[in-house]
Protein chains: 2
Amino acid sequence: MASAAAVPLAPEPGLSRYAAIAAALRARVLAGEWGPGQALPSEQALAAQHGVAMATLRRAMELLASQGFIERIHGRGTFVRAGLSAAPMLMRFFRFGDGSGEVPTSRIVSRRKSPAPAEVARRLGIARGDPVLQLLRLRSLGGQPRLLEEIALPLPLFQVLADTPTAEWDDLFYPMYAQRCGVHVQRAVDEIGFGTLNAARAAHLGLAAGHPCARVVRRAYDLAGRCVEARTTLGDAHAFHYEVTIT
Amino acid sequence: MASAAAVPLAPEPGLSRYAAIAAALRARVLAGEWGPGQALPSEQALAAQHGVAMATLRRAMELLASQGFIERIHGRGTFVRAGLSAAPMLMRFFRFGDGSGEVPTSRIVSRRKSPAPAEVARRLGIARGDPVLQLLRLRSLGGQPRLLEEIALPLPLFQVLADTPTAEWDDLFYPMYAQRCGVHVQRAVDEIGFGTLNAARAAHLGLAAGHPCARVVRRAYDLAGRCVEARTTLGDAHAFHYEVTIT
DNA sequence: AAGTGGTCTAGACCACCGA
DNA sequence: CGGTGGTCTAGACCACTTA
């Protein structure tokens, strides 16, 4: 099995060589062979493993990189993507922290363990009644509450957060998930809609009941495609703003 | 100047060969050497012209293709992109025509030539007072008006539309711009926000004054990067829905 | 200096399209 | 069939990072 090893069993007959290799590498990553943030073997090594020329192996890598699955760093190596950039992924939908340079703050209003209601279960892809951690979080700017977040986390996975005082939590949740729970958010889908605030929610935001709000429903997924967080963010509709480029 | 012709004058010193070639090709397209929808020379011809290997030329082409600038069709050739897919680019933001299979209709409510107000001029990137064609268009579904569009078109360019009875207009505007005015929309930017309807606009949509609305402000650009259309679309906020994937 | 990914070459062969 | 773009090879050399 030295030189003519090549593809052992074609995963899909109609697939080009580089696409097959990309699929194989993807599978190996999902199987946990290399974890998020870790380096893959060098191109040379992988090319030898798969019995193809370097250029072909590189095409496979480029494919995976273009899909955001791996990250290639010149002179250092190729790495499994560690997760979404720690950045303020959410606030970008709202005029939040623009200009003044003021620091946004966040506060956990409530935390409770409970069986998943139907809607939450559906979003997380778990069974109704499975245990989840439900959080209510208020994000403020300059002392003004701006965004209300309702977050649901599947529970065996996020048990650590149920046991840690919320005062010790980090401001950025996704890096915290990675460090404390070993959960790496790799992809998220946001659904944007519109509605009005009920009295309880409006009170948190300092608005009148019935005030129009923008609603961003997010589902966050890890590398394996499991939904690991369901989050609904509500904010004043008039402060909502988003830009899309169509090509 | 046969074999060692190569790059005549490097456009940017720090640029790789393929990036330089991509830039050069881009410039030739913008200069009008090949119009939208037309074929570029074959890879072989272009590689010879630039004095590089086919693989390098191909990298340049792949770059341009990934940017949506050209379209490569196996066995046929490489073409300058003709414009945005004729599709219902706009309605995708609204629940509009879902399910029932009913046919959306559109009607031009008003058309008038006028000097550009400041806001319109800013969006189109022209001077205040330059002549524009301003349209008001109502899009309906099942007899129900759903979207109100305010469209501004710079005027020397779209004169044909000022002279053609609106009854003869096509339903899809972008293909019509291409056929009748020689304007190919290649890229568009949408800004999404929420607001409320004033009495006049609400009346067109059959809603009450002050009703919450979603507002999509679009700027459409041609290949050369000129803004050729400024469009504001208003619709019932409760019918608004959009999905974004973050990676 | 050794190891990584990035660029480039000069070919070969294949898959697709149209006359 | 001839011409197009798509895949693949087996090299060479360059640029960047780390130690």
Side-chain angles (χ1 to χ4, degrees), chain A residues 2-7 10-25 29 34 37-82, chain B residues 2-8 10-25 29 34 37-81:
Chain A
S3 66
V7 179
E12 291 250 4
L15 233 50
S16 56
R17 205 73 165 273
Y18 77 89
I21 291 171
L25 288 174
V29 169
W34 314 286
Q38 291 186 343
L40 270 61
S42 71
E43 297 181 344
Q44 218 170 31
L46 287 172
Q49 276 180 37
H50 290 86
V52 295
M54 295 257 316
T56 303
L57 191 278
R58 280 181 60 75
R59 280 214 64 172
M61 300 288 252
E62 277 154 19
L63 221 192
L64 293 175
S66 77
Q67 296 168 175
F69 208 77
I70 59 175
E71 198 170 357
R72 327 190 67 203
I73 303 179
H74 194 165
R76 297 226 301 132
T78 302
F79 303 82
V80 177
R81 267 198 79 189
Chain B
S3 65
V7 179
E12 292 249 4
L15 231 49
S16 57
R17 206 74 164 275
Y18 77 89
I21 291 172
L25 288 174
V29 169
W34 313 285
Q38 290 186 345
L40 269 62
S42 71
E43 296 181 344
Q44 217 171 32
L46 287 173
Q49 275 180 37
H50 290 85
V52 294
M54 295 257 316
T56 303
L57 191 279
R58 279 180 61 73
R59 280 213 64 172
M61 300 290 252
E62 276 154 20
L63 220 192
L64 293 174
S66 78
Q67 295 168 177
F69 209 75
I70 59 177
E71 197 170 358
R72 327 190 66 203
I73 303 180
H74 194 164
R76 298 226 300 130
T78 302
F79 304 82
V80 178
R81 266 198 83 191

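Naming: A, B, ... by sequence-line order, numbering from 1 per chain.
A close approach under 4.0 Å does occur between a side-chain nitrogen or oxygen of B/Ser42 and OP1 or OP2 of D/dT4.
One end of the helix from C/dA1-D/dT18 to C/dG18-D/dC1 points its axis 20° away from the other end's axis, with each axis taken from 5 pairs and the angle rounded to 10°.
What you find for B/Leu40 and B/Trp34 is that their closest heavy atoms are CG-CE3, 3.9 Å. When all heavy atoms of B/Ile21 and B/Ala60 are compared, the closest pair comes out as CG2-CB, 3.8 Å. Residues A/Arg81 and A/Gly68 approach most closely at CD-O, 2.8 Å, considering heavy atoms. For the pair A/Pro41 and A/Gln49, the tightest heavy-atom approach, listed with the atom from each and the gap, is CG-NE2, 4.4 Å. B/His50 and B/Ala24 make their closest contact through NE2-CB, 4.3 Å (heavy atoms, listed as atom of the first residue, atom of the second, distance). Between B/Ala19 and B/Leu63, the shortest heavy-atom contact is CA-CD1, 4.5 Å.
As a whole-Å value, the separation of B/Leu40 CG from D/dG3 C1' is 16 Å. Put simply, CD on B/Gln38 is 18 Å from C1' on D/dT4, counting in whole angstrom units.
Shown here is A/Gln44, whose CD atom has no more than 12 heavy atoms of other residues, nucleotides or ligands within 6.0 Å.
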inquiry  = What verdict does the side chain to side chain contact (heavy atoms under 4.5 Å, CB included) test give for A/Met54 and A/Leu57, after you've listed the backbone C-alpha separation in whole Å, the side-chain angles of each residue and the deciding distance to 0.1 Å?
reply    = CA-CA 5 Å; A/Met54 295 257 316; A/Leu57 191 278; 5.6 Å; no
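For residues 56-68 of chain A, proximity to DNA chain D is found at A/Thr56, A/Arg59, defined as any non-hydrogen atom under 4.0 angstrom from a strand atom.
Take B/Ala65 and apply the side-chain contact (heavy atoms from CB on, under 4.5 Å) test, not counting sequence neighbours, and it matches B/Ile70, B/Arg72.
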N/O to N/O distances under 3.5 Å, protein versus nucleotides 17-19 of chain D:
from   : atom 1 : to      : atom 2 : distance (Å)
D/dT18 : OP1    : A/Arg76 : NE     : 3.4
D/dT18 : OP1    : A/Arg76 : NH1    : 3.4

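A residue-by-residue look at A/Tyr18 and B/Pro41 shows that B/Pro41 has its nearest nucleotide of DNA chain D further toward the 5' end.
First and last contacts of DNA chain C with chain A, using any nucleotide atom under 4.0 Å from a protein heavy atom and ordered 5' to 3', fall at C/dG3 to C/dT7.
Applying the side-chain hydrogen bond (donor to acceptor under 3.5 Å, both in side chains) test to pairs two or more places apart or on separate chains, those with a residue in residues 52-64 of chain A are A/Tyr18-A/Arg59, A/Glu43-A/Arg58.
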